[in-house]
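This structure is a prediction, so every number in the text was calculated from the model and none was measured.
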Number of protein chains: 2
Amino acid sequence: MSKSALVILAQGAEEMETVITVDMLRRGGVEVTMAGLDGSAPVLCSRQVTLVPDKSLADALAEKPQYDAVILPGGLEGSDRLSKSEVVGTLLKEHEKSGKIVAAICAAPTAFVAHGIGQGKRVTSYPTTKDKVAGGPGDYKYVEGERVVTDGNVVTSRVSTG
Amino acid sequence: MSKSALVILAQGAEEMETVITVDMLRRGGVEVTMAGLDGSAPVLCSRQVTLVPDKSLADALAEKPQYDAVILPGGLEGSDRLSKSEVVGTLLKEHEKSGKIVAAICAAPTAFVAHGIGQGKRVTSYPTTKDKVAGGPGDYKYVEGERVVTDGNVVTSRVSTG
């Protein structure tokens, strides 16, 4: 059976980080669900590209409560919305606990901090968000010299465009 | 005044090639219009990501008949649709004649061949479409060793994922 991944799309997400992630995983044979944080309506991203989610996050979780990976694209506004979502917090915690991959790109590791994900682990993030991650609660081991940092089932990356 | 670019979005286009192009140009200060070939409705792309065009191609051309650059994203199905569109043929010819940039990514140079754009110029394309371009009419000088080939106002590129 092919692996499954849930990519959560919030208003103000980085469209490239969303689309490249979905596209590359689909090319690799992963069954990807691009789920809209606030429903199934089209989502305006950070550079004014509008993406249509496959379904709402609520529907995605109703159909399948756990995925092999949950991935958060970056974008400052999108990451802020992911940080404030209780649903996202709960599903990240459940996935982390089950040993599933939890991944965050660019500014999205700030949502990990907000929800207490990956505490004590090696992580990275978009450079301007370093203080929020390294200085936040959770005893993170902040890494600056790597584009992608993997510590167990926690994957974080720095930038899409650097 | 900022430069303007028209990115034409057809069903079956490569979503990454569309989104990365739009995003990077907007980051660079270019005023980008992502225009739907067949209207303003959401467009299903090659890896099942659905993008919402900014407006229809008809509206984009009604508002502004010429852009500083016209860019065709790849994708086999999308390129085929661009190849068959008379509107696309006419606008490419007008832009080429006016010295504006005409650009095609991946499989989309086949639409240049279909519409007689860039004849006699150095071009490249997605490797599997080489025969259609190098062997087609137009006396193209096919280039294999470069990712992006620029000859005057004609820009072609090979792959987004290679």
Side-chain angles (χ1 to χ4, degrees), chain A residues 2 4-36 39-56 59-60 71 73-78 105-107 126 128 159-162, chain B residues 2 4-36 39-56 59-60 71 73-78 105-107 126 128 159-162:
Chain A
S2 61
S4 63
L6 181 70
V7 175
I8 307 178
L9 177 60
Q11 185 183 306
E14 286 272 355
E15 44 273 79
M16 288 207 308
E17 293 169 6
T18 307
V19 170
I20 294 169
T21 301
V22 171
D23 185 323
M24 295 308 290
L25 288 173
R26 284 185 176 155
R27 283 172 200 256
V30 176
E31 205 171 279
V32 182
T33 303
M34 183 168 69
S40 59
V43 174
L44 183 64
C45 295
S46 63
R47 306 286 161 178
Q48 276 67 60
V49 174
T50 299
L51 302 176
V52 184
D54 298 317
K55 55 189 70 169
S56 69
D59 284 351
I71 302 161
L76 287 173
E77 184 194 346
I105 302 166
C106 197
Y126 187 63
T128 62
V159 285
S160 58
T161 52
Chain B
S2 62
S4 63
L6 181 70
V7 175
I8 307 178
L9 177 61
Q11 186 182 305
E14 286 273 357
E15 44 273 78
M16 288 206 307
E17 293 170 7
T18 307
V19 170
I20 293 169
T21 301
V22 171
D23 185 324
M24 294 309 290
L25 288 172
R26 284 184 177 157
R27 282 172 201 257
V30 176
E31 205 171 279
V32 182
T33 303
M34 182 168 69
S40 59
V43 174
L44 183 64
C45 295
S46 63
R47 307 284 162 180
Q48 278 66 58
V49 174
T50 300
L51 302 177
V52 184
D54 298 317
K55 56 189 71 170
S56 69
D59 284 350
I71 302 162
L76 287 173
E77 185 194 345
I105 302 166
C106 198
Y126 187 62
T128 63
V159 287
S160 58
T161 52

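- The shortest heavy-atom contact between A:G74 and A:C106 is CA-CB, 4.1 Å.
- Taking 4.5 Å as the limit, some side-chain heavy atom of A:M16 sits within range of a side-chain heavy atom of B:M24.
- The heavy-atom pair separating A:A10 from A:G78 by the smallest distance is CB-O, 3.8 Å.
- For B:E17 (side chain) and B:P73 (main-chain N/O), no donor-acceptor pair under 3.5 Å exists by modelled atom type.
- Heavy-atom neighbours of B:E31 CD from other residues, nucleotides or ligands within 6.0 Å: at or below the threshold of 12.
- Contact of A:V22 with chain B is made through the side chain alone, with heavy-atom distances under 4.5 Å.
- Nearest heavy-atom pair across A:V30 and A:S4 is CG1-C, 4.0 Å.
- For a heavy-atom cut-off of 4.5 Å, chain B lies close to A:P42, A:R47 in residues 40-47 of chain A.
- Contact tally against chain A (heavy-atom pairs below 4.5 Å) for B:V49, B:D54, B:T18: the top residue is B:V49.
- Comment: A:E15 does not engage B:R27 in a salt bridge, judged by the lack of any side-chain N to carboxylate O separation of less than 4.0 angstrom.
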